[in-house]
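Positions are given from 1, in the same order as the sequence printed here.
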Amino acid sequence: MIIKNGTLSLEADNVDKIYAAILAFAVKNKGYEFKNEKSLNGDYIVITAQIKINPQNLDLLMKFAGNSATVINSKVTSNDITSNYYDSQNRLKTKNDALLKYEEFLLKAKDTTEMISIQNEINNLITDIEVLKGQINLWDALVNESTLDITINQKNDPQKPQKEIKWNAISFSTMGTLMSNDFINVTCTIVSALQRIIIFTISISPILIIGAVIIFIFIFNKNKKKKIAKNKKDE
């Protein structure tokens, strides 16, 4: 029990034509379109779609699509659900057997209280059975039918990253504007630096003044002592 799906991203000059060819090939191989969406970016077209097909033909469809356009990305996923599938089938059989037993018990119930209790069990079993049936039916559908998610972008779409970067010369007017902007930026940087120096100088000016006074007093006292010593020597 294998669930097999595919994802394919393509690039083409004529998106509509390529998708029509891919869909026609799928239909020819007993596939069908499940979902289709077309979007426009100006004159550029992008188609995203889902195609359902027999798992045995999924690789064939992807190969045809890949040969019809440029492949950007391709992926196939397979999920083995064998263990879970048969485990759910066994649980379903067990619950169906239990449901038959409880239905027999209900017929033999002795009073209303016993009937209500048995009916609650029956209701719970029915709910579990429906959930298991739904899961098994879903797995059957997924196993028997693969899904191909396909995206086709138009070549040269401006929203796609460009592999080649083209450098063009700028005009003289643009160059003048850039030079003017650079000059203003440099000037602003210099002025800002000068302003910071001024602000720093003002902020430490009290310390500078105190230091200058201390130095002045020290030099004054030193000169005074020298003068007194000289006078004594002359005497």
Between N54 and K30, is any pair of side-chain heavy atoms under 4.5 Å apart?
no

Considering non-hydrogen atoms only, spot the tightest contact between N153 and V46 and give its length.
OD1-CG2, 3.4 Å

Heavy-atom closest contact (L61 atom, A26 atom, distance)
CD1-CB, 4.0 Å

Can you confirm whether more than 12 heavy atoms, excluding those of Y86, are under 6.0 Å from its OH atom?
no

Just how far is it from atom CG of D13 to atom CD1 of I45, taken to the nearest 0.5 Å?
11.5 Å

Can you say whether the rings of F25 and F64 are parallel (under 30°), tilted (30 to 60°) or perpendicular (over 60°)?
parallel

What distance separates M62 CE from N67 CG, expressed to the nearest 0.5 Å?
12.0 Å

Does this structure show an ion pair linking K101 with D97, if we count only N-O contacts that are shorter than 4.0 Å?
no

Do Y19 and E33 have a side chain donor and acceptor closer than 3.5 Å?
yes

Quiz item: cation-pi between K52 and F34, 6.0 Å / 45°:
yes

Any side-chain heavy-atom pair of L106 and Q119 under 4.5 Å:
yes

Greater than 12 external heavy atoms within 6.0 Å of Q56's CD:
no

Please check if atom OH in Y85 has more than 12 non-hydrogen atoms from other residues, nucleotides or ligands closer than 6.0 Å.
yes

Answer yes or no: is there a donor N or O on one side and an acceptor on the other, between the side chain of E114 and the main chain of K110, under 3.5 Å?
yes

Note: D59-K4 ion pair, threshold 4.0 Å (strictly below):
yes

Are L8 and T151 close enough that some pair of their side-chain heavy atoms sits under 4.5 Å apart?
no

N/O donor-acceptor pair under 3.5 Å between D87 side chain and S83 backbone:
no

For the CG atom of D16 and the NZ atom of K38, what is their distance to the nearest 0.5 Å?
3.5 Å

Which pair of heavy atoms, one from Q50 and one from T147, lies closest together, and at what distance?
CD-CG2, 4.0 Å

Do you know which two heavy atoms are closest between I18 and S68, and how far apart they sit?
CD1-O, 3.3 Å

A side-chain contact here means heavy atoms from C-beta on lying under 4.5 Å apart; do I150 and T48 qualify?
no

Heavy-atom side-chain contact between L92 and I136 under 4.5 Å:
yes

Shared hydrophobic cluster, I81 / L58 (ILVMFWY, side-chain heavy atoms < 4.5 Å):
no

Which atom names give the shortest non-hydrogen contact between A109 and I118, and what distance separates them?
CB-CD1, 4.3 Å

The reported gap from CG in N57 to CG in N29 (rounded to nearest 0.5 angstrom) is 5.0 Å

Looking at CD1 of I22 and CD1 of I51, how far apart are the two atoms once the value is rounded to the nearest 0.5 Å?
6.5 Å

So how far is it from K75 NZ to N5 CG, rounded to the nearest 0.5 Å?
10.5 Å

Please determine whether side-chain contact (heavy atoms from CB on, under 4.5 Å) holds for the pair N36 and I47, giving the CA-CA distance in whole Å, both sets of side-chain angles, and the decisive distance to 0.1 Å.
CA-CA 7 Å; N36 179 359; I47 289 180; 3.7 Å; yes

In short, D140 meets M1 closest at the heavy-atom pair OD1-CE, 4.2 Å

